[in-house]
Amino acid sequence: MHLQLFRHATMQLSLPEGTLLIDPMLSAPGALDPVPHSPNPRANPLVPLPLLPDEIVKSSDACLVTHLHRDHFDAAAAQLLPKELPIFSPPFAAAALQEQGFKSVHTAAPQARWKQLTFTLTSGQHGLGDIGRQMGAVAGFVLTGPARPSIYLAGDTVWCPEVSETLATHQPDIIILYGGGARFTHAGPITMTETDILTVCRHAPQARIIVVHMEAFDHCLLSRKQLRLALEAAGANALVPNDGDIIQLD
């Protein structure tokens with residue numbers, strides 16, 4: 001088993017069942033407008049993919065989508081992914097995917113299966129208070145299968161009771177956090193900051209923690225360098241990969 005981070009939350013998990021593409025954002029750099037009310041407005045994505053989009057698509061056997069914000073599933077992904085490709089999604093995203101012509105959408109409500117792999121739906125908060133409610137529903141997943149480590153894909157969430165409950169209930173071996181400290185000029189963070197990530201490290205000392213969702217969209221203000229320094233200062237153990245990195249999981 002291994003994970004390859006391409007950019008932001010776009011990554012592939014190589015599993016016994018096949019290769020799972022997660023949260024595909026396949027647009028060329030600068031093809032998307034700046035995020036409204038971004039503190040650092042620039043055309044998105046900020047960086048290129050390390051592989052051609054066609055290569056990523058052709059090497060994927062299935063797709064997992066946490067939600068349908070354009071930095072997790074963009075128009076390029078909707079166009080390039082084969083309509084017959086199995087896509088696993090939370091209930092609130094399934095109808096929109098079907099409307100885009102995808103013929104094999106599987107809803108985790110609360111679970112879905114792909115061969116020997118089970119997807120268990122988890123919840124979170126895409127920001128606290130009013131901003132979280134305005135951002136709408138998001139989801140994460142716990143991936144489990146026989147004789148392998150369990151993987152918690154947290155999705156776009158800050159530290160909140162739902163994340164704490166998932167850690168306590170599932171005790172995952174591997175945790176993939178969406179960092180970046182994304183925010184708008186008028187509200188607090190909507191993805192994990194260094195404080196949130198350090199909190200997860202304290203609550204799950206047994207887990208291997210990997211942080212993605214950084215340095216690719218204009219409203220993500222937490223850099224990899226800042227996070228690595230914060231982790232080192234706290235004596236916390238988490239991996240902050242660069243785009244293109246391949247991480248062995250077993």
Please collect all salt bridge (charged side-chain N to carboxylate O under 4.0 Å, His left out) contacts where either partner lies in [range], sequence neighbours excluded, each pair once.
range            : answer
residues 130-140 : Asp130-Arg133
residues 165-185 : none
residues 191-203 : none

>> If hydrophobic residues (ILVMFWY) are linked whenever their side-chain heavy atoms come closer than 4.5 Å, directly or via other members, who joins Ile190 in its cluster?
In response: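 Hydrophobic cluster check, Ile190: joined to Met25, Leu32, Val35, Ile131, Met135, Phe184, Phe217.
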>> Other members of the hydrophobic cluster containing Val158, with the 4.5 Å side-chain heavy-atom rule, please.
In response: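 Leu128, listed by chain and number.
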>> Could you go through Met11 and Val212, starting from their C-alpha distance and side-chain angles, then the distance that decides it, and tell me whether this counts as side chain to side chain contact (heavy atoms under 4.5 Å, CB included)?
In response: CA-CA 9 Å; Met11 46 195 154; Val212 300; 3.9 Å; yes
Looking only at non-hydrogen atoms, find the nearest pair between [X] and [Y] and report the distance.
X      : Y      : value
Leu85  : Cys63  : CD2-CB, 3.9 Å
Phe119 : Ala108 : O-CB, 4.2 Å
Thr66  : Pro90  : O-CG, 3.3 Å
Val65  : Pro24  : CG2-CD, 4.5 Å
Arg7   : Ala216 : CG-CB, 3.7 Å
Ala139 : Leu121 : CB-CD1, 3.7 Å

Whether the side chain of [X] engages the backbone of [Y] through a donor-acceptor N/O pair (distance < 3.5 Å, no angle test) should be reported.
X      : Y      : answer
Thr191 : Gly179 : yes
Lys83  : Gln100 : yes
Thr157 : Gln125 : yes
Arg228 : Val240 : yes
Ser60  : Leu20  : no
Asp61  : Thr19  : yes
Ser38  : Asn40  : yes

Rounded to the nearest 0.5 Å, how far does [atom2] of [Y] lie from [atom1] of [X]?
X      : Y      : atom1 : atom2 : result
Ile87  : Lys103 : CD1   : NZ    : 12.5 Å
Cys220 : Met192 : SG    : CE    : 13.5 Å
Leu198 : Thr193 : CG    : OG1   : 8.0 Å
Leu15  : His2   : CG    : NE2   : 9.0 Å

Enumerate donor-acceptor pairs with a distance under 3.5 Å from any side-chain N or O in residues 44-58 to protein atoms, sequence neighbours excluded.
| unit_1 | atom_1 | unit_2 | atom_2 | d |
| --- | --- | --- | --- | --- |
| Asn44 | OD1 | Asp218 | N | 2.8 |
| Asn44 | ND2 | Asp33 | O | 3.3 |
| Asn44 | ND2 | Arg42 | O | 3.4 |
| Asn44 | ND2 | Asp218 | OD1 | 3.0 |
| Glu55 | OE2 | Leu52 | N | 3.4 |

> Is there a side chain to side chain contact (heavy atoms under 4.5 Å, CB included) between Ile175 and Leu167 once you walk through the steps?
Replying inline: CA-CA 9 Å; Ile175 301 170; Leu167 296 178; 3.5 Å; yes
Around atom [atom1] of [X], are there more than 12 heavy atoms of other residues, nucleotides or ligands at under 6.0 Å?
X     : atom1 : answer
His37 : NE2   : no
Glu84 : CD    : yes
Gln98 : CD    : yes

Compile the donor-acceptor pairs under 3.5 Å between side chains in residues 243-250 and protein atoms, sequence neighbours left out, one pair per line.
| unit_1 | atom_1 | unit_2 | atom_2 | d |
| --- | --- | --- | --- | --- |
| Asp243 | OD1 | Arg224 | NH2 | 2.7 |
| Asp245 | OD2 | Asn242 | N | 2.9 |
| Asp250 | OD1 | Met1 | N | 3.4 |
| Asp250 | OD2 | Met1 | N | 2.7 |

>> Going by the rule side chain to side chain donor-acceptor pair (under 3.5 Å), which residues pair with Arg70 if we only count those two or more places apart in sequence or in a different chain?
In response: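 Testing Arg70 for side chain to side chain donor-acceptor pair (under 3.5 Å), a comparison that skips the adjacent residues, returns none.
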>> Applying side chain to side chain donor-acceptor pair (under 3.5 Å), can you list everything that pairs with Arg148, at least two apart in sequence or on another chain?
In response: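 With neighbours one apart ignored, the set is Glu17.
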>> Apply side chain to side chain contact (heavy atoms under 4.5 Å, CB included) to residues His213 and His72 and explain how you reach the verdict.
In response: CA-CA 10 Å; His213 198 274; His72 294 260; 3.4 Å; yes
Is any side-chain heavy atom of [Y] closer than 4.5 Å to one of [X]?
X      : Y      : result
Leu221 : Pro39  : yes
Thr10  : Leu5   : no
Val211 : Leu239 : no
Leu64  : Leu13  : no
Glu215 : Leu222 : no

What residues, two or more places apart in sequence or in another chain, satisfy side chain to side chain contact (heavy atoms under 4.5 Å, CB included) together with [X]?
X      : value
Thr166 : Thr122, Val142, Tyr152, His170
Asn237 : none
His106 : Pro86, Phe88, Ser104

>> The test is side chain to side chain contact (heavy atoms under 4.5 Å, CB included); show your working for Ser164 and Trp159 and say whether it passes.
In response: CA-CA 8 Å; Ser164 178; Trp159 173 258; 3.7 Å; yes
> Would a hydrophobic clustering, with Ile, Leu, Val, Met, Phe, Trp and Tyr connected at side-chain separations under 4.5 Å, put Leu68 with Leu81?
Replying inline: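 Cluster IDs for Leu68 and Leu81 match.
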> Given the rule that I, L, V, M, F, W and Y join up when any side-chain heavy atoms are under 4.5 Å apart, are Phe6 and Ile176 in one cluster?
Replying inline: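 No; tracing contacts between hydrophobic side chains, which count when under 4.5 Å, never links both residues.
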> Judged by modelled atom types alone, do Thr120 and Gln111 share a side-chain donor-acceptor pair under 3.5 Å?
Replying inline: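 The criterion, which ignores hydrogens and geometry beyond distance, is satisfied for Gln111 and Thr120.
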>> Taking the six-membered ring for Trp, are His126 and His69 closer than 6.0 Å centroid to centroid?
In response: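 Yes; His69 has its ring centre under 6.0 Å from that of His126.
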